Asker: 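Below is the structure I would like to discuss, written out as structure tokens.
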Amino acid sequence: MKRFSAIISDFDGTLVNSEPCHIHAWEKTIRDTGVTEEVDYAAFIGVPDADEARELIERFSLPFTVDAFLDRHRRDLALFYEKIVPFPRVIDTLSRLESMGIPVACASNSERSFVADVARRTGIDPFVTFYVTGDDVKALKPAPDIYQRACEMLSLPPVRCIAVEDSIAGIIAAKAAGVYTCAVATNLPRAMLSGADIIIDSFDDVLSVLGST
């Protein structure tokens, strides 16, 4: 019997090249408040939007509640939806996994409305068995809740699943849930992904991980 029976993949920065769009949207949101100071938005990769909004509000003493600021950011992010595309070979790999009988679940800190919209626009949705998003759990990554929920919905123990992540928070979450973790080096240097069980260059390398078990 193969060791692994399912894939649980992060969404942003893993299946779709959306992190640049998130960064551009945050840049616009902040710029429209009149702030001109440079911000290292890449440092927020994997951080829940509410936490990022809270930190930016505090840093720049902005006159917004977190909810109001997130509403502004959601409108800005929607302007970039059309620029979000799957990473190379993602669709082919998802199709291959489907033909192998390997279900793929999506585990994302992002809001369900965003994930569902982008997955539909990019052609990913038909290959995803289900989504667990930031709307579905109380504690987001780096807490393990999203991965625990995904394993429950797959009716599989964590050791039978492979997580694919691009962020430190995601790696911590998957490992805490007991899921074998592949870090894909799409946004962060490989040295920053050392907490994963294995580091891969792109999503399609997960096929090699499956084949080696």
Side-chain angles (χ1 to χ4, degrees), residues 6-32 41-42 44-50 52-53 67 69-100 102-137 140-141 146-147 149-150 153-154 162-167 169-170 173-174 182-188 200-207:
I7 305 294
I8 307 173
S9 180
D10 178 51
F11 190 68
D12 294 292
T14 304
L15 294 177
V16 295
N17 190 12
S18 55
E19 296 296 359
C21 294
H22 281 285
I23 289 172
H24 292 323
W26 277 115
E27 288 173 341
K28 182 179 186 306
T29 304
I30 287 292
R31 186 173 62 249
D32 287 351
Y41 293 101
F44 290 105
I45 290 176
V47 174
D49 281 347
E52 182 169 355
D67 287 343
F69 199 55
L70 283 175
D71 282 342
R72 294 170 67 99
H73 176 63
R74 290 187 191 101
R75 291 194 294 270
D76 291 337
L77 182 59
L79 300 175
F80 295 92
Y81 278 10
E82 295 293 342
K83 296 184 179 181
I84 299 176
V85 296
F87 280 106
R89 300 182 296 281
V90 161
I91 298 296
D92 288 344
T93 302
L94 291 173
S95 179
R96 175 76 181 280
L97 290 167
E98 182 180 62
S99 70
M100 295 166 62
I102 301 292
V104 176
C106 183
S108 173
N109 269 357
S110 293
E111 295 177 348
R112 178 172 291 272
S113 58
F114 168 78
V115 175
D117 191 326
V118 174
R120 177 182 57 80
R121 289 171 182 265
T122 56
I124 285 173
D125 185 61
F127 301 103
V128 177
T129 304
F130 61 82
Y131 303 90
V132 183
T133 70
D135 298 330
D136 303 316
V137 295
L140 303 181
K141 304 171 189 176
I146 283 180
Y147 277 100
R149 175 73 66 84
M153 293 176 68
L154 286 164
I162 293 176
V164 187
E165 278 285 353
D166 72 308
S167 71
C182 297
V184 60
T186 52
N187 292 295
L188 297 177
I200 58 179
D201 293 317
S202 58
F203 184 78
D204 59 311
D205 288 336
V206 77
L207 295 171

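Not measured: the values here are computed from a predicted model. Computed from heavy atoms alone, side chains included, the values below leave out hydrogens, waters and symmetry copies.
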Asker: Atom OG in Ser9, atom CG in Leu94: separation rounded to 0.5 Å?
Answerer: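 Answer for the OG-CG pair, Ser9 versus Leu94, is 8.0 Å.
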Asker: Angle between ring planes, Phe69 versus Trp26, binned at 30° and 60°: parallel, tilted or perpendicular?
Answerer: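 Correct class here is tilted.
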Asker: Under 4.0 Å between a Lys/Arg side-chain N and an Asp/Glu carboxylate O for Asp32 and Lys28?
Answerer: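 Lys28 and Asp32: salt-bridged.
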Asker: Here's a test for you: under side-chain contact (heavy atoms from CB on, under 4.5 Å), which of Thr14, Asp205, Val104 qualifies with Val164?
Answerer: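 Exactly one candidate clears the test, Thr14.
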Asker: Measuring from Ser108:OG to Phe114:CZ, what's the distance to the nearest 0.5 Å?
Answerer: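 Reported value, rounded in 0.5 Å steps: 7.5 Å.
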Asker: Compare all side-chain heavy atoms of Thr122 with those of Val90 and state whether any distance is below 4.5 angstrom.
Answerer: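 Contact flag for Thr122/Val90 side chains = no.
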Asker: Does Thr133 form a side chain to side chain donor-acceptor pair (under 3.5 Å) with Asp136? I'd like the steps, not just the answer.
Answerer: CA-CA 5 Å; Thr133 70; Asp136 303 316; 3.2 Å; yes
Asker: I want to check something: taking the side chain as every heavy atom from C-beta on, are Glu19 and Thr186 in contact at a cut-off of under 4.5 Å?
Answerer: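 In short, these two side chains do not touch, never coming nearer than 4.5 Å.
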Asker: Is the closest side-chain heavy-atom distance between Arg96 and Ser99 below 4.5 Å?
Answerer: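 Of all side-chain heavy-atom pairs linking Ser99 with Arg96, at least one is under 4.5 Å.
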Asker: Of the non-hydrogen atoms in Ala25 and His73, which two are nearest, and what is the gap between them?
Answerer: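 Heavy atoms only, the tightest pair is CB-CE1, 3.6 Å.
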Asker: Which heavy atom in Asp10 sits nearest to a heavy atom in Leu15, and how many Å separate them?
Answerer: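 Looking at all heavy atoms of both residues, the closest pair is O-CG, 3.5 Å.
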Asker: Within a strict 4.5 Å, meaning less than it, do heavy atoms of the Tyr147 and Lys141 side chains meet?
Answerer: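 The answer is yes; the side chains approach within 4.5 Å.
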Asker: Take Leu207 and Leu97 through the side chain to side chain contact (heavy atoms under 4.5 Å, CB included) test and state the conclusion after the steps.
Answerer: CA-CA 8 Å; Leu207 295 171; Leu97 290 167; 3.7 Å; yes
Asker: If you measure from CG on Leu188 to OG on Ser167, what distance do you get to the nearest 0.5 Å?
Answerer: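 Output value for this atom pair is 7.5 Å.
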Asker: Quick one: does Phe11's side chain get under 4.5 Å of Val118's, heavy atoms only?
Answerer: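 Result yes, sub-4.5 Å side-chain heavy-atom pair found.
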Asker: With sequence neighbours excluded, what pairs up with Ala183 under the side-chain contact (heavy atoms from CB on, under 4.5 Å) test?
Answerer: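 Partners of Ala183 by the side-chain contact (heavy atoms from CB on, under 4.5 Å) criterion, ordered by chain and then number, come out as Ile171, Leu193, Ala196, Ile199.
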Asker: To check you understand the geometry: which heavy-atom pair defines the closest contact between Asp67 and Arg74, and what is its length?
Answerer: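 Scanning both residues completely, I find the closest heavy atoms to be O-NH1, 4.4 Å.
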Asker: Specify the closest pair of heavy atoms between Val115 and Ser110, including all atoms of both residues, with the distance to one decimal.
Answerer: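 Nearest heavy atoms, Val115 then Ser110: CG2-CB, 3.7 Å.
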Asker: If I compare all heavy atoms of Asp135 with all of Ser113, which pair ends up nearest, and what's the gap?
Answerer: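 It is OD2-N, 4.4 Å.
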Asker: Among side-chain atoms of Asp12 and His22, is any donor-acceptor pair under 3.5 angstrom?
Answerer: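 Short answer, yes.
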Asker: Just how far is it from atom OH of Tyr131 to atom CZ of Arg112, taken to the nearest 0.5 Å?
Answerer: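 Tyr131 atom OH to Arg112 atom CZ measures 9.0 Å (nearest 0.5 Å).
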Asker: Rounded at 0.5 Å granularity, tell me how far CG in Leu70 sits from CD in Glu111.
Answerer: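 Leu70 atom CG to Glu111 atom CD measures 7.0 Å (nearest 0.5 Å).
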Asker: Check ring-ring contact (aromatic ring centres under 6.0 Å, His included) between Phe130 and all other residues, then give those that pass, not counting sequence neighbours.
Answerer: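 Expected list: none.
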Asker: Let me see the working for Ile124 and Ile91 under side chain to side chain contact (heavy atoms under 4.5 Å, CB included), right down to the final yes or no.
Answerer: CA-CA 7 Å; Ile124 285 173; Ile91 298 296; 3.7 Å; yes
Asker: Can you name the closest pair of heavy atoms from Gly13 and Val184 and give their distance?
Answerer: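 In this case the closest contact between Gly13 and Val184 is O-CG1, 4.3 Å.
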Asker: Please round to the nearest 0.5 Å and tell me the distance separating atom OG1 of Thr93 and atom CD1 of Ile102.
Answerer: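 Rounded to the nearest 0.5 Å, the OG1-CD1 separation comes out at 13.0 Å.
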